[in-house]
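One structure follows; several queries about it will come next.
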Amino acid sequence: MTRDQDGRSTRWDDHRTARRAELVKAARKVVHRQGPGVSMDDIAAAAGTSKSIVYRYFADKAGLRLAVATAVVGDMHAALSRAAAEAPTPLGGLRAMVRVYLEMIEHSPRVYWFVTRTSIAGVEPEPEESPGADAPLSAYLDSVIEIVARPFAELAGVPDDVAAAWAAGAVGHVRGAGEWWLAHREAGTTTLTREELTEHVTAWLWQGPVGVLHTPPLKTTL
């Protein structure tokens, strides 16, 4: 390959990367407005292009969803990392991360459900699946576990694997509470505000598991 050919190839790769990012951004916007059930035609129209062009960059809707998921969890990971780094104490870090997570899913619940493929208020996503569709979310959860576990390993003086096991449970608890809140808020069956839930979840995690880490295990008899 000549230098000119190599330059053209690099420019084409850069163009494809930029165009792909534009399509992902357009998809996020239309899902935010219309919900997880949007069609590829809807997404193409929002991007100001044709469906055939969208298919040049994504094999199918599952592939586009995977790309959107990668972008969304990247944003969430960055926000949670900042929250943890800027907090003056482990408790403050825990509260900040819970708050950031709830803020982000509240800001765009439709995008969140599009990414996680979870039903909300009786609205189920389309049944299509794709190998590796949950890979970005799994990678995000694994990385968040590392963020949460690090300060608690130091705080409680426990081995890294014990802190990681606690952090995995904490992350699952926050996600479960957040998804419950989203669904019930949409259904009008809860009056909990985001800030109230932030304080409740933080207290449950801090006073429960953290308290256990600081005290001898209970002795039980069969």
NZ/NE/NH1/NH2 to OD/OE distance under 4.0 Å, Arg28 and Asp75: yes
Closest contact, heavy atoms only, Leu102 versus Gly178: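 Closest heavy-atom pair between Leu102 and Gly178: CD2-CA, 3.8 Å.
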Nearest-0.5 Å distance that lies between atom NZ in Lys51 and atom OH in Tyr55: 5.0 Å
Reported CZ-to-CG distance for the pair Arg56 and Leu23, which is rounded to 0.5 angstrom: 11.0 Å
Over all atoms of both residues, closest heavy-atom pair of Ala84 and Met97: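 The answer is CB-SD, 3.8 Å.
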Quiz item: cation-pi between Arg16 and Tyr57, 6.0 Å / 45°: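 Pair Arg16/Tyr57 counts as cation-pi.
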Straight-line distance of Leu91 CG to Arg95 CZ, nearest 0.5 Å: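 Atom-to-atom, Leu91:CG and Arg95:CZ are 4.5 Å apart.
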Minimum heavy-atom distance between Arg20 and Ala67, given as atom pair plus value: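 Taking every non-hydrogen atom into account, NH2-CB, 3.8 Å.
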Test side-chain contact (heavy atoms from CB on, under 4.5 Å) applied to Val24 and Phe58, step by step: CA-CA 10 Å; Val24 168; Phe58 308 97; 3.8 Å; yes
Any Thr49 side-chain heavy atom under 4.5 Å of Val54 side chain: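 Result yes, sub-4.5 Å side-chain heavy-atom pair found.
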N/O donor-acceptor pair under 3.5 Å between Trp113 side chain and Pro36 backbone: no
Sidechain N-carboxylate O distance under 4.0 Å for Arg99, Glu199: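 Yes, charged N to carboxylate O under 4.0 Å.
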Any donor-acceptor N or O pair under 3.5 Å, side chains Asp42, Ser39: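 Note: Asp42 and Ser39 side chains meet the donor-acceptor criterion.
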Nearest heavy atoms of Ala177 and Leu197, plus distance in Å: O-CD2, 4.0 Å
SB check Glu22 Lys25 (cutoff 4.0 Å): no
Inter-residue atom distance Leu66.CG - Lys61.NZ, 0.5 Å rounding: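 The NZ atom of Lys61 is 14.0 Å from CG of Leu66, to the nearest 0.5 Å.
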side-chain contact (heavy atoms from CB on, under 4.5 Å) evaluation trace for Tyr101 with Arg175: CA-CA 8 Å; Tyr101 173 77; Arg175 183 184 175 193; 3.3 Å; yes
side-chain contact (heavy atoms from CB on, under 4.5 Å) between Leu94 and Val201, worked out: CA-CA 10 Å; Leu94 180 62; Val201 170; over 6 Å; no
Donor on one side chain, acceptor on other, Trp204 and His200, under 3.5 Å: no
Glu103: side-chain hydrogen bond (donor to acceptor under 3.5 Å, both in side chains) partners, not counting sequence neighbours: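 Glu103 satisfies side-chain hydrogen bond (donor to acceptor under 3.5 Å, both in side chains) with no residue once adjacent residues are dropped.
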From Ser50 atom OG to Met40 atom CE, the distance as rounded to the nearest 0.5 Å: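 Result: 10.5 Å between the selected atoms.
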Short side-chain to backbone donor-acceptor contact, Arg185 and Thr190, under 3.5 Å: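 Checked: no pair found.
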Val158 side chain reached by Trp166 side chain, heavy atoms, under 4.5 Å: no
Approximate separation, where rounding is to 0.5 Å, of Leu80 CG and Ile147 CD1: 6.0 Å
Full working for side-chain contact (heavy atoms from CB on, under 4.5 Å) between Thr198 and Thr193: CA-CA 9 Å; Thr198 296; Thr193 66; over 6 Å; no
Identified side-chain contact (heavy atoms from CB on, under 4.5 Å) counterpart of Met76 within the set Ile105, Val115, Val100: Ile105
Leu182 to Glu106 - nearest heavy-atom pair and separation: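 Nearest pair, atom of Leu182 first, then Glu106: CD2-CA, 4.3 Å.
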Any donor-acceptor N or O pair under 3.5 Å, side chains Tyr112, Glu179: yes
Contact summary for Gly92 and Ala87, nearest pair of heavy atoms: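 Between these two residues, the closest heavy atoms are C-CB, 3.6 Å.
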